[in-house]
Amino acid sequence: MATSSDEMKTKPSWRRFRDGDQSWSSLTQKIFVQDTSHKCPTYVHKTPPCQGSCPSGEDIRGWLAIVRQQEKPPVGVDWQEYAFRRSTEANPFPSLMGRVCPAPCQDGCNRNELEDYVGINAVEQFIGDTAIEKGYGFEAGPDTGRRVAIIGGGPAGLAAAYQLRRRGHACTIFEANEGLGGMFRYGIPGYRVPRDKLDAEIGRILAMGQVDCRFNTRVGVDVQIADLERDFDAVLWAIGCQAGRGLPVEGWDETPNCVSGVAFLKAFNEGRMKVTAEKVVCVGGGDTSIDVVSVARRLGHITKTGQKDLPETVIRDGYVAHDAATAAAAEGAQVTLTSLFTRDKMTAAEHEVSDALQEGVTILDGVMPVALIRDERGRATGLKVADCQMVDGRPVPVEGTERVLEADLVVAAIGQGGDLTGLEALDNGRGLINADKFFQVPDRPGHFVAGDIIRPHLLTTAIGQAWIAAESIDEYLKQAEHKRRPKVDVHHFDLLAKMAEAEVAPERFSVADRGDLRGTSAGNWAIHNYEDRSAAEVIPHDELFLGHFGHHPRNLRKEEVPSAEEVLGHFKERVIGLTEAEAIDEAKRCMSCGMCFECDNCVIFCPQTAVFRVAKDKRTTGRYVDTDYNKCIGCHICADVCPTGYIKMGLGE
């Protein structure tokens with residue numbers, strides 16, 4: 001048959017064999033004897049790699065299936081709300097995380113083997129923004145009478161409060177700052193995290209009730225650990241890492257115009273710093289450093305300054321503030337970012353690096369700071385750098401490559417640490433707090449921990465740790481033994497719960513009534529021919545039939561990134577979210593790895609008509625097809641053509 005013109009114009013998708021490779025590596029799974037095979041199809045649920053890669057453990061495949069209109073919501077619930085409910089099982093901040101998460105889920109997406117990953121964070125932003133527009137809220141669980149102290153109102157603390165309220169426990173958040181949000185509010189600029197969206201998603205948690213907040217309160221200084229142990233049933237430490245690390249060069253701590261990236265961004269986000277220096281040099285390479293240089297380009301500098309207007313005065317003193325007139329007189333700043341690593345190895349998101357370059361930031365990669373250049377007043381006038389090479393994992397300057405970068409302000413964005421003033425009993429010797437696998441503080445019953453204070457990482461990591469910590473706190477308060485955490489510790493699709501929701505759940509099985517049955521092919525008290533391996537296995541791309549999927553280009557979010565000439569004073573949000581139609585289309589690119597998405601391949605290609613659709617009144621997600629074993633000859637065709645890898649050959653007789 002000739003290739004159609006339509007197919008010739010379509011981008012190639014996938015083929016099973018490469019050039020020169022025309023045979024199976026193993027025939028073990030392919031050999032069968034007609035009508036005597038001991039293997040027949042079984043339906044095996046596995047975790048997709050997007051979920052396995054998500055530090056907050058979201059059921060990504062699940063809410064993508066809802067957005068694409070494949071998984072149907074319960075009667076009376078619209079699909080937008082249903083997608084919101086599913087996504088917020090793990091993460092109560094879909095609008096925020098859809099914008100700022102670096103999306104390790106997309107790196108793990110199996111569609112990368114075919115063309116390009118699914119835009120997971122773009123769809124998540126759509127879910128979150130829609131939920132805010134429609135006013136969806138959260139519900140608290142039945143009141144247990146238990147009270148939990150949460151130290152820190154950042155992503156980990158707020159996520160824990162949400163998860164604990166769902167379980168009915170009251171919470172009191174102790175926050176050292178004047179507002180909630182932590183790094184959301186004080187570490188990320190508003191053009192990346194719009195403050196109206198931030199306030200809406202935090203407000204939704206507070207609206208659950210019994211979430212009290214004590215602001216401007218430092219535990220260890222204003223409140224002691226003994227007070228918490230006396231007044232609360234459990235304590236969660238979610239204090240984050242708000243102390244920036246300085247550069248390892250002589251004189252750093254004594255030089256007034258040398259500051260940390262954390263302090264720089266906090267001064268900006270609190271509205272105190274409205275201009276910066278004429279020449280700013282930031283050392284980093286991660287997301288914080290990109291935020292620093294992007295903010296510096298937007299703020300600009302003023303030519304005539306007094307001591308009170310110097311950016312380091314505002315940053316260090318913490319209360320002196322620039323006024324609007326100062327900002328109005330700003331001119332563009334020269335901003336340079338240096339990184340130990342080459343651009344391809346920088347930890348910052350690639351699109352953020354590209355945006356910074358478009359905005360006029362100079363990036364010098366593969367260089368390291370060597371020394372500060374200071375004047376007679378002790379102020380830095382430059383930073384000496386050199387090309388570097390890694391020797392035994394440590395950067396070493398290349399001799400003869402030293403040069404000086406002129407600077408009026410030097411910012412270190414090379415990492416963060418915790419401030420455990422007054423909490424020395426919890427310090428593990430590295431300025432952090434230890435945690436076991438249940439996120440308990442070792443040898444301190446009733447104390448739990450989550451977030452950066454364990455080890456600085458992603459916001460989504462803190463959210464995921466808060467979920468597990470909340471489960472552990474719930475078990476502790478109930479005096480229950482901690483359940484063993486699964487190997488793949490994420491939120492999983494629950495077929496029994498889905499069948500109950502659709503009112504097609506199996507009948508209750510009672511040994512007393514039915515005897516000790518070991519199996520059944522007809523009784524309606526079991527989910528036939530189904531195995532759940534999602535807690536133990538992530539499904540790789542080579543278990544899918546990729547040939548099923550055609551070329552389907554991504555729906556990209558539009559961006560308004562200012563040029564170098566336009567960036568001064570540009571604080572509008574850069575990312576423009578997907579429309580509803582675009583979000584649905586993008587969700588349809590999901591290959592539903594490890595779960596049936598009702599393509600009908602197995603039904604169409606079965607030569608014995610052994611595979612059949614479940615009756616409509618008994619059907620739901622994960623229970624779309626079944627097999628008549630009286631007809632099945634074990635030919636494996638259904639497994640071969642299953643796009644998602646949901647069908648496996650098993651069930652030995």
Side-chain angles (χ1 to χ4, degrees), residues 244-265 273 275-286 288-305 307 309-316 330-343 345-348 353 356-357 359-391 394-415 564 567:
R245 291 170 49 199
L247 296 184
V249 294
E250 185 178 352
W252 176 267
D253 292 334
E254 299 80 39
T255 306
N257 55 335
C258 291
V259 300
S260 73
V262 173
F264 179 98
L265 291 170
M273 183 176 66
V275 292
T276 184
E278 180 178 2
K279 297 174 182 177
V280 180
V281 174
C282 179
V283 180
T288 298
S289 67
I290 294 294
D291 284 340
V292 168
V293 296
S294 295
V295 165
R297 284 290 293 157
R298 283 165 169 74
L299 291 178
H301 78 287
I302 52 176
T303 303
K304 295 180 180 179
T305 62
Q307 181 66 31
D309 290 322
L310 292 172
E312 66 267 20
T313 303
V314 176
I315 293 168
R316 287 181 178 275
E331 305 171 52
Q334 299 176 37
V335 182
T336 302
L337 171 63
T338 75
S339 169
L340 282 176
F341 303 103
T342 54
R343 181 175 169 182
K345 293 187 171 114
M346 289 169 61
T347 57
V353 177
L357 287 169
E359 292 165 2
V361 175
T362 299
I363 296 181
L364 303 177
D365 58 349
V367 303
M368 64 181 293
V370 175
L372 280 175
I373 308 300
R374 301 195 293 175
D375 62 16
E376 64 280 358
R377 297 176 298 165
R379 286 178 54 79
T381 59
L383 180 68
K384 182 184 283 188
V385 300
D387 293 349
C388 71
Q389 57 187 357
M390 293 293 173
V391 178
R394 298 180 64 86
V396 176
V398 176
E399 189 176 348
T401 64
E402 295 87 356
R403 64 269 199 195
V404 174
L405 305 176
E406 293 184 358
D408 302 310
L409 183 69
V410 182
V411 184
I414 59 172
V567 70

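For the atom pair OG1 of Thr336 and CG of Leu364, the computed distance is 6.0 Å after rounding to the nearest 0.5 Å. In this structure, CZ on Arg379 lies 7.0 Å from CG on Asp408, to the nearest 0.5 angstrom. Within the model, atoms CG of Leu383 and CH2 of Trp252 stand 8.0 Å from one another, a figure rounded to the nearest 0.5 Å. Distance check: Lys345 NZ to Leu340 CG gives 12.5 Å after rounding to the nearest 0.5 Å. The distance from atom SG of Cys282 to atom CG of Leu409, rounded to the nearest 0.5 Å, is 9.0 Å.
Counting heavy atoms from C-beta outward, Asp387 and Pro397 have side chains that stay 4.5 Å or more apart. Taking the side chain as every heavy atom from C-beta outward, Asn257 and Leu310 never approach each other to under 4.5 Å. Taking the side chain as every heavy atom from C-beta outward, Thr276 and Phe264 approach each other to under 4.5 Å. With contacts defined as side-chain heavy-atom distances shorter than 4.5 Å, the pair Arg245/Ser260 does not qualify. Using a 4.5 Å heavy-atom cutoff, the side chains of Pro248 and Ile414 are in contact.
If you check the side chains of Thr303 and Glu331, you find a donor sitting under 3.5 Å from an acceptor. In the model, Thr255 has a side-chain atom that pairs as donor or acceptor with a side-chain atom of Arg374 under 3.5 Å.
One finds no salt bridge joining Arg297 and Glu359 here, because no Lys/Arg side-chain nitrogen approaches an Asp/Glu carboxylate oxygen to under 4.0 Å.
Atom CD of Gln389 sits in a crowded spot, with more than 12 heavy atoms from other residues, nucleotides or ligands closer than 6.0 Å.
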